[in-house]
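These notes concern the structure reproduced below.
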Amino acid sequence: MPELPEVETTRRGIEPHVVGRSVARVIVRNAHLRWRVPDKLKKELPGQVIQSASRRGKYLLLVTHAGTVILHLGMSGSLRVAPCDQPADKHDHVDIALDNGDCLRLRDPRRFGAVLWTRDDPLTHKLLKDLGPEPLGPDFNGAYLFHTSRKRKRAVRDFLLDGHVVAGVGNIYANESLFLAGIRPSRAAGRLTQTQCEALVRTIRQTLNRAIKAGGTTLRDFRQASGQPGYFQLSLHVYGREGEPCPTCGTPIRARRQGQRTAFFCPKCQL
DNA sequence: AATCGCGCCTGACGGC
DNA sequence: TGCCGTCAGGCGCGAT
C-alpha cells in the first residue's frame, strides 16, 4: 500500500484518538508479521501514555516514556481506531487497546507490515538510522539530490525508491514525479543535470503534498484511519495508465518492467 | 560501495 | 464456474 502520503494520512487520522491516552492492553492475534511481534510490547506498553504519533519515512512511531512502538504498514496494512468490542476481521492482527474503550487496530492481509518495540531513541533503531532525508523536509533539495546521484548508474526511478536516498517515496509517486519533471524512469541517476534534480525535488514534493491532501491513493486496500478510501488515484497521470493518452500530449502511456517494479512514462514528454 | 534479485504473504483479476 | 498464472503500493538481506 502505503507510501508516504498514505502513512501520513494514517498518522493524522489516528493522532487525535491516541495522543494523551494510556494503553490498557495489547492484543496480538497473529504475531507472524514481517518480524515476530515482540513479547516485550505486551509487557512494557500497557500503562504507558502515548505522548506523540510521528512518522519517519513510512514508519509510524508511537512514543511513550517507556519506549516507542515502531509500526510499518508494508504493502497491505492499514490502521484504524475502532471500539474494542467490535469483532475483529481475520486480518486484524494486533490491537492496542486504549483506556477509553477504543483500540488502534492493525489490519494487514499480506503481513508484510511490522509492529516493533524499542526502549531506545527510535531514530537510532537499525531500521531507521540509515534512512535518507524526509522528502518534505529542508534537507531534501536539488543540491542534495544532485550531489548524492553523482556517479550512480542506477535508473533514477530505482534510485528514488531507495530509502537511503530519500525516505518514503514508492513506485507510484516516483513515477508520477518523474512524469511531471519530464524525466524517463530508466535514465541513469548520475546523468541528471542540476536543473533536472531541482525540478525533480519540486515535483516529488508537489506530488506528495497533493496526495496527502487527497487522503492518499487507494488502488486496492488502502483505507484512511476513518475507513474512508483515498482519492489521489483520480489524479494519477501515468501510474497504472498503460495505453491511455498522456494528459499533456496524447501519446499512449507506456509501461515497462524495470527491475522488480513496473515503470510508467510518456515516451514523448519524458526524455 | 553499489547494485541486483529473492522472498516474505494474501488476494484480485484476466484468460482460458 | 473454476483453475492457473500474474501482478500488487515495501524492503531487508545475502550474493556479486
Side-chain angles (χ1 to χ4, degrees), chain A residues 1-10 29-37 55-60 70-79 89-94 106-116 125-132 135 147-178 185-191 204 207-208 211-212 214-224 229-236 238-243 255-264:
Chain A
M1 91 168 229
E3 300 187 33
L4 186 147
E6 291 73 38
V7 177
E8 179 60 20
T9 296
T10 299
R29 296 185 196 81
N30 185 350
H32 189 73
L33 302 184
R34 172 153 199 184
W35 294 284
R36 193 179 170 77
V37 178
R55 179 186 61 72
R56 177 75 175 95
K58 295 172 195 161
Y59 292 92
L60 281 168
I70 301 176
L71 286 155
H72 197 290
L73 301 178
M75 292 271 273
S76 60
S78 58
L79 273 177
D89 174 269
K90 74 166 169 170
H91 298 300
D92 288 341
H93 305 310
V94 178
L106 174 73
R107 176 175 301 183
D108 186 3
R110 288 177 72 183
R111 288 189 275 121
F112 284 4
V115 182
L116 300 171
H125 190 276
K126 185 180 168 192
L127 294 172
L128 304 191
K129 69 179 171 57
D130 295 321
L131 286 178
H147 178 253
T148 316
S149 60
R150 291 313 85 190
K151 306 201 174 158
R152 302 293 291 268
K153 295 183 174 154
R154 305 182 81 174
V156 59
R157 198 286 312 264
D158 302 37
F159 188 68
L160 293 176
L161 295 186
D162 184 342
H164 301 104
V165 173
V166 57
V169 178
N171 197 36
I172 295 178
Y173 299 110
N175 278 286
E176 288 296 304
S177 305
L178 286 163
S186 56
R187 189 79 184 275
R191 304 198 55 180
I204 289 170
T207 303
L208 296 177
I212 291 169
T217 299
T218 297
L219 292 180
R220 286 182 184 74
D221 40 24
F222 174 68
R223 287 293 178 277
Q224 303 186 35
Y231 292 98
F232 194 69
Q233 64 277 13
L234 303 172
S235 306
L236 297 174
V238 292
Y239 185 86
R241 298 198 184 277
E242 181 180 18
R256 55 167 288 200
R257 194 79 181 169
Q258 186 177 301
Q260 310 305 111
R261 310 232 167 275
T262 307
F264 295 90

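In what follows, chains carry the letters A, B, and so on, assigned in the order in which the sequence lines appear, proteins first and then strands, with residues in each chain numbered from 1.
- Note: CD (Q233(A)) to C1' (dG9(C)) measures 12 Å, nearest angstrom.
- The aromatic rings of Y59(A) and H72(A) stand perpendicular to each other, their planes meeting at an angle above 60°, with 30° marking the opposite boundary.
- If you take CG of L33(A) and P of dC11(C), they are 15 Å apart, rounded to a whole angstrom.
- Comparing dC9(B) with dC3(C), their P atoms sit 24 Å apart, to the nearest whole Å.
- For H164(A) and D162(A), the side-chain atoms include at least one donor-acceptor pair closer than 3.5 Å.
- Of the listed nucleotides (dC6(B), dG11(B), dG10(C)), dC6(B) has the atom at the smallest distance from the side chain of Q260(A).
- Side-chain contact between Q224(A) and P229(A): absent, with no pair of heavy atoms (C-beta onward) separated by less than 4.5 Å.
- Expressed to the nearest 0.5 Å, how far CG of L131(A) lies from CZ of R56(A) amounts to 5.0 Å.
- Here the straight-line distance linking atom CG of L161(A) with atom CD of Q258(A) works out to 9.0 Å at 0.5 Å rounding.
- The separation between R107(A) atom CZ and dT10(B) atom P is 16 Å, rounded to whole Å.
- Taking only side-chain nitrogens and oxygens, K153(A) never comes nearer than 4.0 Å to OP1 or OP2 of dT3(B).
- Note: NE2 (H93(A)) to C1' (dC9(B)) measures 9 Å, nearest angstrom.
- Taking side-chain N and O atoms only, Y173(A) has no distance below 4.0 Å to OP1 or OP2 of dG9(C).
- One finds no side-chain N or O of H91(A) lying less than 4.0 angstrom from the OP1 or OP2 phosphate oxygen of dT10(B).
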*Take Y173(A) and T217(A) through the test side chain to side chain donor-acceptor pair (under 3.5 Å) and record every step on the way to the result.*
CA-CA 10 Å; Y173(A) 299 110; T217(A) 299; 2.6 Å; yes
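- With sequence neighbours left out, F159(A) forms a ring-ring contact (aromatic ring centres under 6.0 Å, His included) with no residue at all.
- Nucleic acid contact for R257(A): sugar-phosphate only, since backbone atoms but no base atoms lie under 4.0 Å from a heavy atom of the residue.
- Scanning all heavy atoms of the two residues, the minimum distance from L4(A) to R55(A) falls at CD1-NH1, 3.1 Å.
- Residue H72(A) places none of its side-chain N or O atoms closer than 4.0 Å to OP1 or OP2 of dG10(C).
- A donor N or O paired with an acceptor N or O is found under 3.5 Å between the base of dA8(C) and the side-chain atoms of R110(A).
- Between dT3(B) and dG9(C), the distance separating the two C1' atoms is 23 Å to the nearest Å.
- Under a cut-off of 6.0 angstrom, the local environment of CZ in R191(A) is sparse, with at most 12 non-hydrogen atoms contributed by other residues, nucleotides or ligands.
- Residues R157(A) and R261(A) are in side-chain contact: their nearest non-hydrogen atoms beyond the backbone lie under 4.5 Å apart.
- Spacing between atom CG of D130(A) and atom P of dC11(C) amounts to 14 Å, rounded to whole angstrom units.
- Contact annotation for K151(A): no contact, since no heavy-atom pair falls under 4.0 Å across all strands.
- OP1 or OP2 of dA8(C) lies within a sub-4.0 Å distance of a side-chain N or O belonging to T262(A).
- In this structure, F112(A) does not pack face-to-face on the six-membered ring of dC9(B), missing the 5.5 Å centre cutoff or the 30° plane limit.
- The phosphate of dC11(C) (OP1 or OP2) has no side-chain N or O of R261(A) nearer than 4.0 angstrom.
- Partner F232(A) forms a side chain to side chain contact (heavy atoms under 4.5 Å, CB included) with one of I212(A), T218(A), I172(A), T207(A) and no other, that one being T207(A).
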*Intra- and inter-strand pairs of DNA chain B in dot-bracket (Watson-Crick or G-U wobble, both distances under 3.5 Å; | for another strand)*: .|||||||.|||||||
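- The separation between D89(A) atom CG and dT10(B) atom P is 14 Å, rounded to whole Å.
- Atom-to-atom, CG of L73(A) to C1' of dG10(C) comes out at 11 Å; the value is rounded to the nearest Å.
- I70(A) places its CD1 atom 16 Å from the C1' atom of dG10(C), with the value rounded to the nearest Å.
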Dump the pairs, protein N or O against N or O of nucleotides 12-15 of chain C, anything under 3.5 Å, distances to one decimal.
{"unit_1": "dG12(C)", "atom_1": "OP1", "unit_2": "Y59(A)", "atom_2": "OH", "d": "2.7"}
{"unit_1": "dG12(C)", "atom_1": "O4'", "unit_2": "R34(A)", "atom_2": "NH2", "d": "3.0"}
{"unit_1": "dC13(C)", "atom_1": "OP1", "unit_2": "K126(A)", "atom_2": "NZ", "d": "3.0"}

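- Contact annotation: side chain of R111(A) to base of dC9(B), donor-acceptor pair absent below 3.5 Å.
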